[in-house]
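All remarks here apply to the structure that follows.
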Protein chains: 2
Amino acid sequence: MMNKPPSVRAVTILDVAAAAQVSKSTVSLVLKGSPLIPAETSERVRAAAAQLGYVYNRRAGELRRQSSNMVGVVINDLMNPFFAEVLAGLERRLADAGFITLMAHTSESLERQQKVLTTMREHNAAGIALCPALDTPASLAQDLQSWGIPLVVMIRTLGEGSYDFAGADNAHGVMAATRHLLAAGHRRIGFLGGLDGLMLEQRLSGCRAAFADAGLAFDEDLVFSASPTRTGGHDAMRSLLAAQPAIKAAICYNDLVAFGALSALDENGLRAGKDFALMGFDNVFDAAHSHPPLSTVDVRPAELGEQAATLLLARMAHPGQPRQQLLARPKLVLRQSA
Amino acid sequence: MMNKPPSVRAVTILDVAAAAQVSKSTVSLVLKGSPLIPAETSERVRAAAAQLGYVYNRRAGELRRQSSNMVGVVINDLMNPFFAEVLAGLERRLADAGFITLMAHTSESLERQQKVLTTMREHNAAGIALCPALDTPASLAQDLQSWGIPLVVMIRTLGEGSYDFAGADNAHGVMAATRHLLAAGHRRIGFLGGLDGLMLEQRLSGCRAAFADAGLAFDEDLVFSASPTRTGGHDAMRSLLAAQPAIKAAICYNDLVAFGALSALDENGLRAGKDFALMGFDNVFDAAHSHPPLSTVDVRPAELGEQAATLLLARMAHPGQPRQQLLARPKLVLRQSA
DNA sequence: CTGAAAGCGCTTACAG
DNA sequence: CTGAAAGCGCTTACAG
C-alpha cells in the first residue's frame, strides 16, 4: 500500500512566498484572510498561488494548529433506508458547518466498529456521531469520552451512562400508534418484528402503556419478534395470521417490517386499510409509496440526523456544557394502511 | 469553530521513548513492527505505550510520509437505495484494504460536489471514487486527474475522456429486459422514467436495439420520461395509461420508478404479473419484496461498489497502469411482475 | 541494534 | 505591516 511520492513535488507555501516575494508567514496570513495584510500584497500572493496551482495542505495546517475538520460517523445498516436518511441529514448539516465526514458502516459488527473508532481517533476526528452496533457494551460511551473526543450517540441508546444523545421517543411514538388503533375500535393488536434489546423494549412499552391507559389488557402472545427487515416482517405477519386467524390489527417495529407484513397480508388476500389495520414506525421516504401507503409514526429520519449533527457541533464548540438528550416526539402520519 | 487545545497534552512518541528509555526512532520502529528491534526492547516499548495510553497520530505520520489512508467517495442520492448499496459495498472493500472513507453526499448539487472534491484534495485523499452529479461537465474527470489523485468514476459516465470507470452495461441490461417482454409476446412496450441524459439514452438504446433485432418497430411515443423516483414512476405510469389505455407492458428506468409504477397500476385496478408486465432496473434489495415482487435487471449494486473500490485500489497501487472500464453485464432476475 | 538530526507543510508568537 | 524562528508529531536516512 505504498504511496509513491508525487512525481513532482507539491507546491507549498514557500514556493508561493518566493513567487510573490514575501515571507511564508505573509502567505499564511493572506491565505487565512488576515486583515493585517494590505490589499496590494494580498493580491500579489493570491495571484502567485493561483498561478502556481497551490493547494492548501490541511494535514499540515491542522497538525500545527491541533485542530481538525473531520467528524466520524458510524452507521450500522445502510440497507435500511432509515439509516441512509439519517446519514444524509447528518452529512448535510456537517458539511454546512464546514466539516467533512469520515464515514464507516459496521454491518452490526462490533469488531468493525471498534476498529473504525480507533482509526477515527488516530485521525484526530473533531467529533464522532455513533449509532452503536447491536450488543455494543454500555461502557463504550465512557471509553470514547475518555478519549477526549466529543461524542454524540444517536438512535440507539447505550446504557445509563452520561452522554449526548439524539433519538426518537420510541415509547411515545408507539403509544400514539396504539391509541390510534384502539380509537378505531381494535382490541386485539399484534406487535411485529424487532430483535430483543432496548429499542424493542421501548417500543413495546409504548404499546403496553396505551393499553393500560385505556384500562385494557395487552395480550403478550400477540408479540412476534423478528429481524427488523422486510423478510422478518413478512414472516412475523405469517406467524401472526397463522396463530390468530381473526386478528385485524398490528403495529410494526419499523417501516421495513411493515412493508414485509404488507406482502404477507397481500398473499393472504388481505388488504391493509380495508381488512386489516397496519401501522409502521419511522416514516422512511418509501412509506408514502407502499401499497397501500403506510400509516406510520413519523420520526423524520433526516431531521434526526441533522439534530445529531447539531448536538455534536454544540458539544465540539462547548466541551463543558451539560449533556443533552434530545428525544424527538414523533407524530402519527395517517395514510391508508390504518 | 475553534478547537481548544486538549486540556492535557497528548502523549507522543517522545513520552513513550522516555518511559521506555529508548530514543524516539526506536519507538517509531517498533510501532511499525520493524524486525530490526529485538523482542525485549520491543516489549518494553509496547508496554510503555500501553501504560501511557499512547495513540498514534496518523496526521503527523502521513504528513511526514507523504501518504494517506483516506479515500474520498462522492455520492449524489442516498435516498435511492441503489446508491446506499453501492456505498456500502465500496466502504466495505475499502475498509478491508485498510482505508477509511471520506464520504460526501451532493444531492446532485454541482456546487457541493466541487466544494467537497476540493476539500478531499486538501485532505490529501489517496484516491477518489466519484459518481458524478447530474450535469457534471465532462472536463471534471481530466481536472481531477490533473490533480494527480487516483480517480474512479462510477455508475454514470463522464464524457469520452480517459478515466477508470466501473458501472453497469445499461444498454445490455435493458435489452435483455426488452427481449424478455418481446418473447412473452408483447409488441407495445412503454418506457417509464429517467431524466434526459446519457444514462437514459443508454437504457433507451437497449430497448430500441432489442426491437430492431426482432425486426420490430419501437414506438417512441411510449417513452415517458420522469424523475427517477417513486413519484416520477407513479406519474409516468398514469400518463402512459391515460395515453395508451390498452398498453400491457413497460420497462422502467430503475426499480424506484417501477415501485411507483406498481402503485399507479394498483390504483387502476391492474395487477402486475397478471394484467400487466412490468420490468425494473437495478435490483435493489427491496425489489424482492414489492407487490408483486419485481422482475428486474440485476446490476448487483453492492458488488458494483466493491468493483469500483477494487479498481480504485488498483489504480492507487499502479498509477501507470492502463485505464480500465468495467462494465458489468447485468442479468435478468424474473420474479412476478413480468 | 539505537541515537541525533533533518524535514513533511503549515501556524503563531515575537521582533522589528 | 513583514520576517526569522520554533514547533505540531511523526519518519527516515545516516552514523556509530
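Keep in mind the model is a prediction, meaning the values are calculated, not measured.
- One interatomic measurement links the two molecules: CG of B:L29 to P of C:dA4, which rounds to 15 Å at whole-angstrom precision.
- For the contact set between residues 46-64 of chain A and DNA chain C, defined by any heavy atom under 4.0 Å, the members are A:Y54, A:V55, A:Y56, A:N57, A:A60, A:G61, A:R64.
- In plain terms, the two heavy atoms of B:A129 and B:L312 that are nearest each other are N-CD2, 4.0 Å.
- The distance from atom CD1 of B:I13 to atom P of C:dG3 is 13 Å, rounded to the nearest whole Å.
- Annotation: side chain to side chain contact (heavy atoms under 4.5 Å, CB included) contacts of B:T136 (sequence neighbours excluded): B:L110, B:Q113, B:P132, B:A133, B:L140, B:L158.
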* Secondary-structure notation, DNA chain C, from Watson-Crick and G-U pairs under 3.5 angstrom (| other strand) -> |||.||||||||.|||

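- Residue B:Q66 has no polar side-chain atom (N or O) positioned under 4.0 Å from OP1 or OP2 of C:dG7.
- B:V30 places a side-chain heavy atom less than 4.5 Å from the side chain of B:R46.
- For B:R64, the side chain to side chain contact (heavy atoms under 4.5 Å, CB included) criterion is met by no residue, not counting sequence neighbours.
- At whole-Å resolution of the value, NE2 in A:H123 and P in D:dC8 are 21 Å apart.
- B:R323 and B:S162 form a side-chain donor-acceptor contact under 3.5 Å, judged by distance and modelled atom types alone.
- Here D:dG9 presents its P atom at 15 Å from CG of B:L31, a figure rounded to the nearest Å.
- Within a heavy-atom distance below 4.0 Å of DNA chain C, the residues of residues 16-28 of chain A found are A:K24, A:S25, A:S28.
- Distance CZ (A:R65) to C1' (D:dG9): 16 Å, rounded to an integer number of Å.
- Across B:R92, B:R93, B:R300, a single residue satisfies side chain to side chain donor-acceptor pair (under 3.5 Å) together with B:E306, and that is B:R92.
- Side-chain N/O atoms of A:K32 include one lying less than 4.0 angstrom from OP1 or OP2 on C:dT12.
- Within a 6.0 Å sphere centred on CD of A:Q321, heavy atoms belonging to other residues, nucleotides or ligands number more than 12.
- Of the residues in residues 35-44 of chain B, B:L36, B:I37, B:P38, B:T41 come within less than 4.0 Å of DNA chain C through at least one heavy atom, sorted by number.
- Checking A:Q325 against A:D164 by side-chain atom types alone, no donor-acceptor pair falls below 3.5 Å.
- Using a cutoff of 4.0 Å between basic side-chain nitrogens and carboxylate oxygens, A:R121 and A:D143 are not scored as salt-bridged.
- A salt bridge is absent between A:E122 and A:K115: the closest approach of a Lys/Arg side-chain nitrogen to an acidic carboxylate oxygen does not fall below 4.0 angstrom.
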* Given A:E108 and A:R156, is the salt bridge (Lys or Arg N to Asp or Glu O under 4.0 Å) satisfied, shown in steps? -> CA-CA 12 Å; A:E108 310 286 6; A:R156 327 218 258 223; 2.6 Å; yes

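- In this structure, A:D15 does not pair ionically with A:K24, as no charged nitrogen and carboxylate oxygen lie closer than 4.0 Å.
- Distance, B:D15 CG to D:dC8 C1': 13 Å, rounded to whole Å.
- Between A:L14 atom CG and C:dG7 atom C1' there is a gap of 12 Å when expressed in whole angstrom units.
- At distances below 3.5 Å, at least one donor-acceptor pair connects side-chain atoms of B:H105 with backbone N or O atoms of B:L78.
- Inspection of the B:H123 and A:N57 side chains reveals no N or O donor paired with an N or O acceptor under 3.5 Å.
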